[in-house]
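Everything quoted here is computed from the prediction, not taken from an experiment.
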Amino acid sequence: MIGLVMLGITTSRVGALPAVFGAAAALLPVGIVVAATVWIDRWEPEPPMLMIGAFLWGAGGATACSLLLNTTSQSVANLLLGQADHRFFLTAVVGPVVEEAAKAVFVVGLWMRRRADFNGLVDGIVYASLTAAGFAFTENILYFGKAFADGGVTGGAVVALFVLRGVLAPFSHPLFTAMFGIAVGFAWGARTRIEQLGWLVGGYVVAVLLHAVWNAATFLGGTGFINVYFLIMVPVFLGTFALSIWQRKREQRIVIEQLPKLERAGLIARSEVELLASLTGRQGWLRKVKKRAGAQAAKSVRDYQIAVTELAFLQHRSEAGRTTSAARRARREKLVEDLKQARRSAAGRQEAIQTAKINLDELTRRVPKPRR
């Protein structure tokens with residue numbers, strides 16, 4: 001419903017044809033961001049409906065909240081400070097405070113209501129980035145649509161705006177909100193309420209500051225903007241990307257450490273341990289299953305792989321003392337049932353389970369034997 005309201009507002013502001021043009025132009029940068037986020041989240045993919053919900057909240061709910069609060073802030077500024085040009089104050093101060101809060105609402109709500117679905121920094125980054133990607137999508141429709149309405153496709157404003165928002169900085173909004181997502185990841189591992197609150201507040205402040213610096217840079221002219229872009233934004237982006245990769249490798253180490261315990265408990269087969277320990281092994285298994293038994297069998301095996309990963313993370317948290325015994329038992333029972341259900345579904349198509357043994361044999365043959 002909020003999305004439909006935002007669609008009506010967007011169309012009324014720039015017109016129907018410019019809105020269509022803006023949406024088409026906004027698809028490229030948002031596609032890049034979503035694809036990168038899904039790539040980062042390959043080890044333990046989040047539930048698709050939650051990922052879609054995060055994007056839709058950003059595209060509809062967060063933009064509606066920001067539009068309302070930004071408009072109110074402009075009216076208040078005009079009332080208190082007079083009818084002067086308040087663009088810098090509204091853009092560099094009010095905008096970041098309001099927009100980062102609106103984007104963070106979904107991530108906080110999900111963390112509070114579905115904490116079992118969080119497994120660290122990667123999950124926080126994924127949900128925050130998707131929310132911000134939705135926000136940037138709607139915002140880009142407005143920007144591109146307005147530029148198109150003012151100057152047409154060949155106008156310099158459209159090209160310059162697309163280069164700035166679609167080429168140089170498609171990750172700007174996701175990067176700002178990822179700071180809060182990282183904080184949520186650290187808060188997930190904190191042991192006290194005070195520590196959790198500290199991480200959340202700190203992450204929000206960093207997100208606002210980074211957003212404010214970026215918005216303020218647009219008032220500095222070409223040289224100032226380039227300096228901010230290369231000296232601040234690019235290093236922060238590279239650091240966030242490196243942190244995501246490091247955390248993903250950490251998730252792999254956790255799974256590798258827990259797989260033998262799951263095998264000893266009779267939850268997975270010995271022939272599957274090596275395949276489940278790497279993305280290459282998992283993807284090769286899925287490709288073979290899809291080729292031999294079809295897409296439905298491959299989906300069952302993928303559900304099985306995800307259930308194994310979730311159970312491995314739960315056991316790791318349990319060993320680290322990060323879950324209560326009652327919550328751990330309830331979560332474990334559900335995950336074990338999910339795992340068994342996925343395995344039963346895959347076992348109903350014998351090619352799916354047999355392929356694990358075939359893949360393992362092929363993988364073993366490719367590994368060179370050590371020299372004596």
Side-chain angles (χ1 to χ4, degrees), residues 2 5-6 9-10 13 33 54-112 124-125 127-143 164-165 169-187 196-220 224-225 228-229 232-233 236-237 240:
I2 296 175
V5 171
M6 286 305 302
I9 292 175
T10 303
R13 287 199 167 195
V33 173
F55 182 87
L56 293 179
W57 169 257
T63 50
C65 292
S66 298
L67 183 64
L68 177 63
L69 292 175
N70 281 330
T71 303
T72 303
S73 299
Q74 184 171 2
S75 300
V76 171
N78 290 336
L79 181 63
L80 297 178
L81 303 177
Q83 297 293 328
D85 187 357
H86 307 301
R87 281 184 303 167
F88 181 83
F89 175 75
L90 294 172
T91 301
V93 179
V94 176
V97 171
V98 170
E99 292 173 11
E100 293 309 318
K103 288 182 285 183
V105 166
F106 182 90
V107 185
V108 172
L110 187 62
W111 181 67
M112 293 177 64
I125 292 173
Y127 285 121
S129 298
L130 287 174
T131 304
F135 185 94
F137 178 65
T138 300
E139 190 177 62
N140 281 340
I141 293 175
L142 286 168
Y143 278 112
L164 173 63
R165 301 184 67 89
F171 289 94
S172 57
H173 271 289
L175 181 62
F176 309 148
T177 314
M179 300 299 104
F180 184 75
I182 292 171
V184 171
F186 281 114
Q196 292 173 355
L197 182 61
W199 278 115
L200 296 178
V201 172
Y204 171 71
V205 170
V206 173
V208 169
L209 289 176
L210 194 63
H211 195 161
V213 169
W214 173 258
N215 284 2
T218 59
F219 291 86
L220 299 179
F225 175 81
V228 170
Y229 181 79
I232 298 178
M233 295 300 162
V236 172
F237 172 78
T240 303

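With sequence neighbours excluded, the residues forming a side-chain contact (heavy atoms from CB on, under 4.5 Å) with Leu200 are Trp111, Phe180, Val184, Ala187, listed by chain and number. Residues forming a side-chain contact (heavy atoms from CB on, under 4.5 Å) with Ala64 (at least two apart in sequence, or on another chain): Ile2, Met6. Annotation: ring-ring contact (aromatic ring centres under 6.0 Å, His included) contacts of Tyr204 (sequence neighbours excluded): none. Considering only residues two or more places apart in sequence or on other chains, Val213 meets the side-chain contact (heavy atoms from CB on, under 4.5 Å) condition with Val228, Ile232, Met233. Remark: Phe186 pairs with Leu121, Ile182, Trp199 by the side-chain contact (heavy atoms from CB on, under 4.5 Å) rule, at least two apart or across chains.
Residues Phe176 and Pro96 form no side-chain contact, since every pair of their non-hydrogen atoms from C-beta on lies 4.5 Å or further apart. Two residues are said to be in side-chain contact when any heavy atoms from C-beta on lie closer than 4.5 Å; Phe135 and Trp57 fail this criterion.
Atom-to-atom distance recorded for Thr131:OG1 and Leu56:CG is 10.0 Å, nearest 0.5 angstrom. One distance of note links CG of Leu210 with CZ of Phe237; it measures 12.5 Å at 0.5 Å rounding. Between the OG1 atom in Thr72 and the CG atom in Leu67 there is a gap of 9.0 Å [rounded to 0.5 Å]. Between atom CG of residue Leu175 and atom OG1 of residue Thr240 there is a gap of 5.0 Å, rounded to the nearest 0.5 Å.
Closest approach of Val33 to Ala133, counting heavy atoms only: CG1-CB, 3.8 Å. Looking at every heavy atom in both residues, Ala169 comes nearest to Ser172 through O-OG, 3.1 Å. The nearest pair of heavy atoms linking Ala212 to Ala92 is CB-O, 3.1 Å.
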Show the atom names and distances, to 0.1 Å, of all donor-acceptor pairs under 3.5 Å that link a side chain in residues 100-109 to residues at least two apart or in another chain.
unit_1: Glu100; atom_1: OE1; unit_2: Thr177; atom_2: OG1; d: 3.1
unit_1: Glu100; atom_1: OE2; unit_2: Lys103; atom_2: NZ; d: 2.8
unit_1: Glu100; atom_1: OE2; unit_2: His211; atom_2: ND1; d: 2.8
unit_1: Lys103; atom_1: NZ; unit_2: His173; atom_2: ND1; d: 2.9
unit_1: Lys103; atom_1: NZ; unit_2: Thr177; atom_2: OG1; d: 3.0

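By the 6.0 Å contact criterion, CZ on Phe171 is enclosed, its count of non-hydrogen atoms from other residues, nucleotides or ligands being greater than 12.
No donor-acceptor pair under 3.5 Å is formed between the side chain of Thr91 and the backbone N or O of Phe88.
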Would Phe225 and Leu220 count as a side-chain contact (heavy atoms from CB on, under 4.5 Å) here? Give the steps. CA-CA 6 Å; Phe225 175 81; Leu220 299 179; 5.6 Å; no

